[in-house]
Asks: 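My questions will all concern the structure given below.
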Amino acid sequence: MNSIQIKEYRKRNDLTQKELAEIVRTSIRSVQSWEQGNRNISQSAIKILTDYETERNYNVAQAERVNQSVRIIHELFKPIPFYNLDVRAGNVSFMDNGLVKGQSPDDYMYIPIQVDADIAFPTYGHSMYPEISNGDRVAYKFIKDWSFFNYGMKYLIVTDEQRMVKYLKRHVKEGYVLLVSRNEDYQPIDMPISSIRAILQVRYIGKIEM
């Protein structure tokens with residue numbers, strides 16, 4: 001490695017003379033002597049610089065792969081607020097924008113960018129198994145217009161006493177809906193529409209196990 005190659009090495013790796021001297025544990029004066037051609041660089045110093053550049057190039061390539069993955073994620077997915085709470089228990093109140101009243105999100109759940117969802121929770125229980133397993137993260141769309149129900153779809157139904165994910169089916173009785181589980185071990189529930197406080201439609205299921 002001659003004086004020109006040492007200068008090119010520094011420029012290529014974006015190093016000052018001081019930084020190069022620190023890498024090979026020598027003085028700035030020695031680096032200046034190498035670059036001026038007044039002194040030859042030692043083989044041990046060349047090996048240190050070669051190893052440094054190899055590791056730096058590897059790290060740069062790794063960082064570029066990570067950045068590319070992040071770009072792909074942001075092109076294909078979007079984040080929505082995730083609340084790590086059991087909506088079956090306690091008094092969970094929703095604000096007009098669909099977020100949980102009085103609580104900040106615990107995390108964010110990434111869902112496909114084309115999925116229209118507002119909020120996500122872990123879903124517990126076995127009534128919707130195997131479609132929704134115990135602990136799966138589920139993304140919901142907050143439904144504000146109750147003038148039309150999309151029967152046959154999955155919803156999180158919130159009443160004063162209960163919070164449950166069920167299929168919403170048409171009821172033979174006026175003013176009621178039928179809540180049906182995926183798991184046939186659970187009986188359908190006759191639910192008065194007047195008792196429902198909030199409705200969130202299931203839009204995306206993040207499985208915790210495959």
Side-chain angles (χ1 to χ4, degrees), residues 70 72-210:
V70 170
I72 291 173
I73 288 173
H74 285 288
E75 288 172 1
L76 300 178
F77 297 88
K78 63 182 178 182
I80 61 171
F82 174 79
Y83 294 85
N84 191 23
L85 53 84
D86 187 351
V87 294
R88 300 174 304 174
N91 183 20
V92 179
S93 299
F94 297 98
M95 297 186 291
D96 289 340
N97 60 3
L99 300 181
V100 175
K101 187 175 182 179
Q103 183 170 339
S104 298
D106 296 291
D107 198 353
Y108 289 89
M109 177 178 176
Y110 282 84
I111 62 175
I113 201 162
Q114 70 273 15
V115 174
D116 184 16
D118 304 312
I119 194 170
F121 303 102
T123 299
Y124 298 104
H126 305 279
S127 66
M128 297 300 288
Y129 183 83
E131 194 167 0
I132 301 177
S133 301
N134 187 47
D136 282 350
R137 291 188 171 195
V138 179
Y140 298 94
K141 176 68 177 178
F142 193 73
I143 305 300
K144 297 180 181 179
D145 182 7
W146 294 13
S147 62
F148 171 78
F149 288 126
N150 196 354
Y151 292 107
M153 304 299 290
K154 297 178 292 294
Y155 290 87
L156 170 62
I157 306 296
V158 179
T159 70
D160 288 336
E161 295 81 23
Q162 297 173 296
R163 295 157 190 86
M164 52 196 153
V165 178
K166 303 289 182 183
Y167 287 107
L168 190 65
K169 299 291 183 74
R170 191 182 299 275
H171 203 287
V172 296
K173 188 175 180 180
E174 186 71 24
Y176 279 73
V177 290
L178 189 65
L179 306 183
V180 180
S181 301
R182 176 68 169 82
N183 188 336
E184 294 181 355
D185 291 339
Y186 292 78
Q187 295 298 315
I189 299 173
D190 301 312
M191 177 67 65
I193 296 175
S194 60
S195 68
I196 298 175
R197 298 293 174 257
I199 299 179
L200 295 86
Q201 187 179 30
V202 174
R203 292 296 177 89
Y204 185 79
I205 302 169
K207 305 296 291 182
I208 59 170
E209 56 184 35
M210 302 303 291

Asks: Check residues 196-206 and write down every donor-acceptor pair under 3.5 Å in which the side-chain atom is one partner and the other belongs to a residue at least two apart or another chain.
Replies:
{"unit_1": "R197", "atom_1": "NE", "unit_2": "D160", "atom_2": "OD1", "d": "3.3"}
{"unit_1": "R197", "atom_1": "NE", "unit_2": "D160", "atom_2": "OD2", "d": "3.4"}
{"unit_1": "R197", "atom_1": "NH1", "unit_2": "S194", "atom_2": "O", "d": "3.0"}
{"unit_1": "R197", "atom_1": "NH2", "unit_2": "D160", "atom_2": "OD2", "d": "3.2"}
{"unit_1": "Q201", "atom_1": "OE1", "unit_2": "R203", "atom_2": "NE", "d": "2.8"}
{"unit_1": "Q201", "atom_1": "OE1", "unit_2": "R203", "atom_2": "NH2", "d": "2.9"}
{"unit_1": "R203", "atom_1": "NH1", "unit_2": "D116", "atom_2": "O", "d": "2.8"}

Asks: Is the OH atom of Y108 crowded by more than 12 outside heavy atoms at less than 6.0 Å?
Replies: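 At most 12 heavy atoms, drawn from other residues, nucleotides or ligands, come within 6.0 Å of this atom.
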Asks: Rounded to the nearest 0.5 Å, how far apart are CG of D118 and NZ of K144?
Replies: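 If we round to the nearest 0.5 Å, D118:CG and K144:NZ are 8.0 Å apart.
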Asks: Considering non-hydrogen atoms only, spot the tightest contact between V115 and K78 and give its length.
Replies: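 The pair with the smallest heavy-atom distance is O-NZ, 2.7 Å.
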Asks: Taking atom CD of Q162 and atom OG of S195, what is their separation to the nearest 0.5 Å?
Replies: 8.0 Å
Asks: Which distance, rounded to the nearest 0.5 Å, do you find between the CE of M164 and the CE of M191?
Replies: 3.5 Å
Asks: To the nearest 0.5 angstrom, please state how far the CG atom of N134 sits from the NE2 atom of H126.
Replies: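 Rounded to the nearest 0.5 Å, the CG-NE2 separation comes out at 4.5 Å.
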Asks: I want to check something: taking the side chain as every heavy atom from C-beta on, are I119 and F142 in contact at a cut-off of under 4.5 Å?
Replies: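 No, their side chains stay 4.5 Å or more apart.
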Asks: Can you name the nearest heavy-atom pair linking A139 to A117, along with the distance?
Replies: CB-CB, 3.9 Å
Asks: Distance-only criterion, 3.5 Å: show the donor-acceptor pairs between side-chain atoms of residues 165-180 and protein atoms not counting sequence neighbours.
Replies:
{"unit_1": "K166", "atom_1": "NZ", "unit_2": "S127", "atom_2": "OG", "d": "3.3"}
{"unit_1": "K166", "atom_1": "NZ", "unit_2": "S181", "atom_2": "OG", "d": "2.6"}
{"unit_1": "Y167", "atom_1": "OH", "unit_2": "E131", "atom_2": "OE1", "d": "2.3"}
{"unit_1": "H171", "atom_1": "ND1", "unit_2": "K173", "atom_2": "N", "d": "2.9"}
{"unit_1": "H171", "atom_1": "NE2", "unit_2": "D190", "atom_2": "OD1", "d": "2.7"}

Asks: What are the two closest non-hydrogen atoms of K207 and P130, and how far apart are they?
Replies: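 Scanning both residues, the minimum pair turns out to be NZ-O, 3.3 Å.
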Asks: Which word best sums up how the rings of F121 and Y140 line up, parallel for under 30°, tilted for 30 to 60°, or perpendicular for over 60°?
Replies: tilted
Asks: To the nearest 0.5 Å, what is the distance between OH (Y110) and NE2 (H74)?
Replies: 4.5 Å
Asks: Quick check for you: to the nearest 0.5 Å, what is the distance between L76 atom CG and Q114 atom CD?
Replies: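 Answer rounded to 0.5 Å: 8.5 Å.
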